[in-house]
Structures are given as structure tokens and as C-alpha cells.
There are 2 protein chains.
Amino acid sequence: MDQKKRSNCPVSCSLDIWGDKWSLLIVRDLLESQPCTYGDFLKAEEKIATNILATRLQMLEENGIITKSEHPDSKAKVLYQLTSKGIDLLPIIVEIGFWADKYYEIDKSKKAVLKEIKKGKELFVKTTIQRLNKEIVKNK
Amino acid sequence: MDQKKRSNCPVSCSLDIWGDKWSLLIVRDLLESQPCTYGDFLKAEEKIATNILATRLQMLEENGIITKSEHPDSKAKVLYQLTSKGIDLLPIIVEIGFWADKYYEIDKSKKAVLKEIKKGKELFVKTTIQRLNKEIVKNK
DNA sequence: AAATTTGCTTTCAAAATGCAAGTGCAAATA
DNA sequence: TATTTGCACTTGCATTTTGAAAGCAAATTT
């Protein structure tokens, strides 16, 4: 009864994040600077509406892509971070980056980062995923 | 005046296909079996509505991801195929496939294909892109 | 000549979005 | 202690997008 009808992703797995730019933006933000607060997401360049952010965070949590935890300094704050499943989205984000770099103007700093990654893509992805996974453990 | 406000993609390039599952599905279909007709897309498993298909095909064409051309056999039919820019989305679709395979049930045949690709991802991507680009030239 | 196929367009109700304002709680300040 | 501020949301509502079905014109088949 509470079973939601999910959209199909382009490789036959059902998941709402496909077809939602805001979800991808949240994942990208987290990959770049791990624990983020609600406010951090709102501050991002793309100006997500606060109600949309709330629904997307909830959806990502339900799908096991992110987790919520308490901020060490303040109970008023909430920390969001990626799960292993979320971290594994890195290769996709990286490939989107390469593609965008090839066909669109992107800012210099991002261009430089991508150029570095290109030198050893597989290694970069592997070590970054390892690092992010270790950081999860740290926060427990 | 006709300047549409475009959504931002997660890597700072503006493009509507990010955040739209139907666009991704169209690209996936084309990567799997190059020229497709309007009807082919409608026949796909995911059941895109015909009006949505029309707007997405138009959008993808405007963004230089696909092109329309005449069917050699019939004036009633229209062929859609990827441009080089569209073909270059392959690495992204492949990575989405790997991720989905890791975390969701996908059907056996796709699983098998992905397993094969995994053995030599870089080579597979390179040769497939080359092949698809050659096929574009053929159709001219 | 009539029926069917093909590639769309139109209509319209239902759902999703996006902006602004509001709420509740915790922490900082007066 | 009282009050303001900051943070994480929620609510209301107008606008936009979606999705299902029906319609349509041109081309093709029967």
C-alpha cells in the first residue's frame, strides 16, 4: 500500500535519482566535501529550493545513498554524508565531468582538476572511494 | 526573448538532459541500436508518453546530441541517431550500468554484457565509440 | 479507394515545482 | 532570565510539467 511506483533508470534498475538533477547535485556536493549540513546544500551555486532539498534528502536516505547524523558541536545541526553506495556514484560523476569539459565551458578550477584526474582515472577513483569510505568509519 | 533558462548540470555545464530520465533512456536506446524511429522509442520497455518523447527528441536535437534524417525506405519514417557528442555519453551510461549492477537486480543478459565490458572497459568504450562514429558517416 | 501506419500535436486533470512565509528547537546574546 | 539569532525543516499556493488519451495529417499498404 505504501509501495511507491518508481521510475526506471536507464539500465533497468529502479531508482528515483535518475531523472532528478537535484539529487545528483547533492551527491556531487557530498563527494566534494563530505559531511554537509542542510544549510551547506542551500548555499550551493545552483540554488535549490528548501522544500525540494528536504524531499530529495529524504528520498536519498530512503534509497540508502546518504545518512543523517548528529553534528558534534550542536544539536541544532544535522550532518549528511554518503554511504558506500553513494560513494560508488563517483565514477558516474567523474564521467559526466569529462563529457561536460569536452563540450561546454566549465570554470578553470574544475578544468584543472579534471585534467589531473585524467592522468590516472582508475587510480584516482579507486583511492578516492577508499578515502571516503574510511571517513565514514571515522565519524561513527 | 526565446532564450530558455536552462537547468544546471552537476558539473557546471548547462544542459537539460541532466535530471531527465527520458532523455537518458533515449540516449541509451540509441547507443544500443543506432538509428531508431519514433515508434522504436515508444516500443521500449519503459513506456514513454508520446508527447514527452516528442519534446525530448526536440530538446536533444537542439542540444546537438541527436540528429534527424530521412528513412531510406519511406518518407513517413524518420531516423534518429546520435551525434559524436551524443556517442560520447557512452562512458556515463556504462558507469551507471556498473553501479546498478552492484546495487540492484538487473536482468541476466545485461549482467552478462556488463561482465564482459568489465574485462576491458577502456578498450570497449574506445572501440564502441569509434564504431558508432563510423556508422554516422555511413548514413550520410 | 479505404484502411492502416507513422510521427507527431492537442487537451486536460493530476502531480511536481518553486517561491515566500511560517514553525519549532537549540544556542548565542543582552 | 529574556530575547534574539541560526538552523532545519514545513506549509500554502500560484505556476509549470507531466502523462494518458484522443486527434490529426501525410505516407504507405491493402
Side-chain angles (χ1 to χ4, degrees), chain A residues 2-10 14-26 29-30 33 35-63 66-81, chain B residues 2-10 14-26 29-30 33 35-63 66-81:
Chain A
D2 215 352
Q3 199 90 21
K4 253 193 297 178
K5 198 184 165 193
R6 298 207 175 282
S7 52
N8 290 308
C9 104
S14 297
L15 182 55
D16 293 323
I17 75 161
W18 305 114
D20 186 62
K21 76 167 177 175
W22 298 120
S23 307
L24 271 183
L25 284 176
I26 291 168
D29 284 350
L30 286 169
S33 61
C36 287
T37 63
Y38 195 89
D40 290 337
F41 294 118
L42 286 177
K43 271 175 240 150
E45 203 190 347
E46 287 86 357
K47 301 301 161 212
I48 183 170
T50 171
N51 53 342
I52 306 295
L53 178 57
T55 60
R56 292 313 184 277
L57 288 173
Q58 199 185 321
M59 181 250 126
L60 288 170
E61 202 187 358
E62 280 170 8
N63 281 286
I66 62 172
T67 49
K68 271 166 98 162
S69 55
E70 287 174 13
H71 195 288
D73 301 345
S74 159
K75 275 186 185 173
K77 290 185 183 177
V78 178
L79 288 183
Y80 290 95
Q81 57 184 332
Chain B
D2 215 352
Q3 198 89 22
K4 253 192 298 178
K5 198 184 164 192
R6 296 208 175 283
S7 52
N8 290 308
C9 103
S14 296
L15 183 55
D16 293 323
I17 76 161
W18 305 114
D20 186 61
K21 77 167 175 172
W22 298 120
S23 306
L24 272 183
L25 284 176
I26 291 168
D29 284 350
L30 286 169
S33 61
C36 287
T37 63
Y38 195 88
D40 290 336
F41 293 118
L42 287 178
K43 271 176 241 150
E45 203 191 348
E46 287 85 357
K47 300 299 161 211
I48 184 170
T50 171
N51 51 342
I52 306 294
L53 177 58
T55 60
R56 293 312 185 280
L57 288 172
Q58 199 184 321
M59 182 249 126
L60 288 170
E61 202 188 358
E62 281 170 8
N63 281 287
I66 62 171
T67 49
K68 270 168 98 163
S69 56
E70 287 173 15
H71 196 288
D73 301 344
S74 158
K75 275 186 185 172
K77 290 183 184 176
V78 178
L79 289 183
Y80 290 96
Q81 57 185 331

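Naming convention: chains lettered A, B, ... in sequence-line order (proteins, then strands); numbering from 1 in each chain. Only a predicted model underlies this, so the values are computations on that prediction, with no experimental measurement involved.
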Please tabulate, one pair per line, each protein N/O and nucleotide N/O from nucleotides 20-27 of chain C that are separated by under 3.5 Å, including the distance.
residue : atom : partner : partner atom : Å
C:dA27  : OP1  : A:Lys75 : N            : 3.2

Rounded to the nearest Å, what distance is computed from the CG atom of residue B:Leu79 to the C1' atom of nucleotide D:dA27? 15 Å

Whole-Å distance, B:Lys77 NZ to C:dT5 P, equals 12 Å

Nearest heavy atoms of B:Pro35 and B:Leu79, plus distance in Å: CB-CD2, 3.9 Å

Determine whether the side chains of B:Tyr80 and B:Ser69 contain a donor N or O and an acceptor N or O closer than 3.5 Å. no

Whole-Å gap separating P (D:dC9) and CG (A:Asp40): 12 Å

First locate atom NZ of A:Lys43, then atom CD1 of A:Ile48, and finally report the distance between them rounded to the nearest 0.5 Å. 14.5 Å

Separation of D:dT11 P from A:Leu53 CG (nearest whole Å): 16 Å

Between D:dA22 atom P and B:Leu42 atom CG, what is the distance in whole Å? 16 Å

How long is the line joining CD of A:Gln58 and P of C:dA16, in whole Å? 13 Å

Describe the nucleic acid contact of A:Thr55 in one word from base, sugar-phosphate, nothing, applying a heavy-atom distance below 4.0 Å. nothing

Before you tell me yes or no, could you show the steps for A:Ile26 and A:Leu53 under side-chain contact (heavy atoms from CB on, under 4.5 Å), namely the whole-Å CA-CA distance, both residues' side-chain angles and the distance that decides it to 0.1 Å? CA-CA 9 Å; A:Ile26 291 168; A:Leu53 178 57; 3.7 Å; yes

Which distance, rounded to the nearest 0.5 Å, do you find between the SG of A:Cys36 and the CG of A:Asp29? 6.0 Å

Can you find a side chain N or O atom of A:Tyr80 that sits less than 4.0 Å from OP1 or OP2 on D:dC9? yes

Need to verify one output field. Residue with the more 5' nearest nucleotide on DNA chain D, B:Ile52 or A:Gly39? A:Gly39

Is the shortest side-chain N/O distance from A:Trp22 to OP1 or OP2 of C:dG18 below 4.0 Å? yes

Rounded to whole Å, CG of A:Asp20 lies from C1' of D:dT17 at a distance of 14 Å

Apply the test side-chain contact (heavy atoms from CB on, under 4.5 Å) to residues B:Thr55 and B:Trp22: give CA-CA distance (whole Å), side-chain angles for both, the deciding distance (0.1 Å), then the verdict. CA-CA 10 Å; B:Thr55 60; B:Trp22 298 120; over 6 Å; no

Ignoring backbone atoms, establish whether B:Arg56 has a side-chain N or O less than 4.0 Å from OP1 or OP2 of D:dT18. yes

Scan B:Lys47 against the nucleic acid and name what it touches under 4.0 Å (heavy atoms): base, sugar-phosphate only, or nothing. nothing

Rounding to a whole Å, what distance do you find between B:His71:NE2 and D:dA26:P? 21 Å

Test salt bridge (charged side-chain N to carboxylate O under 4.0 Å, His left out) applied to B:Lys68 - qualifying residues, sequence neighbours left out: none

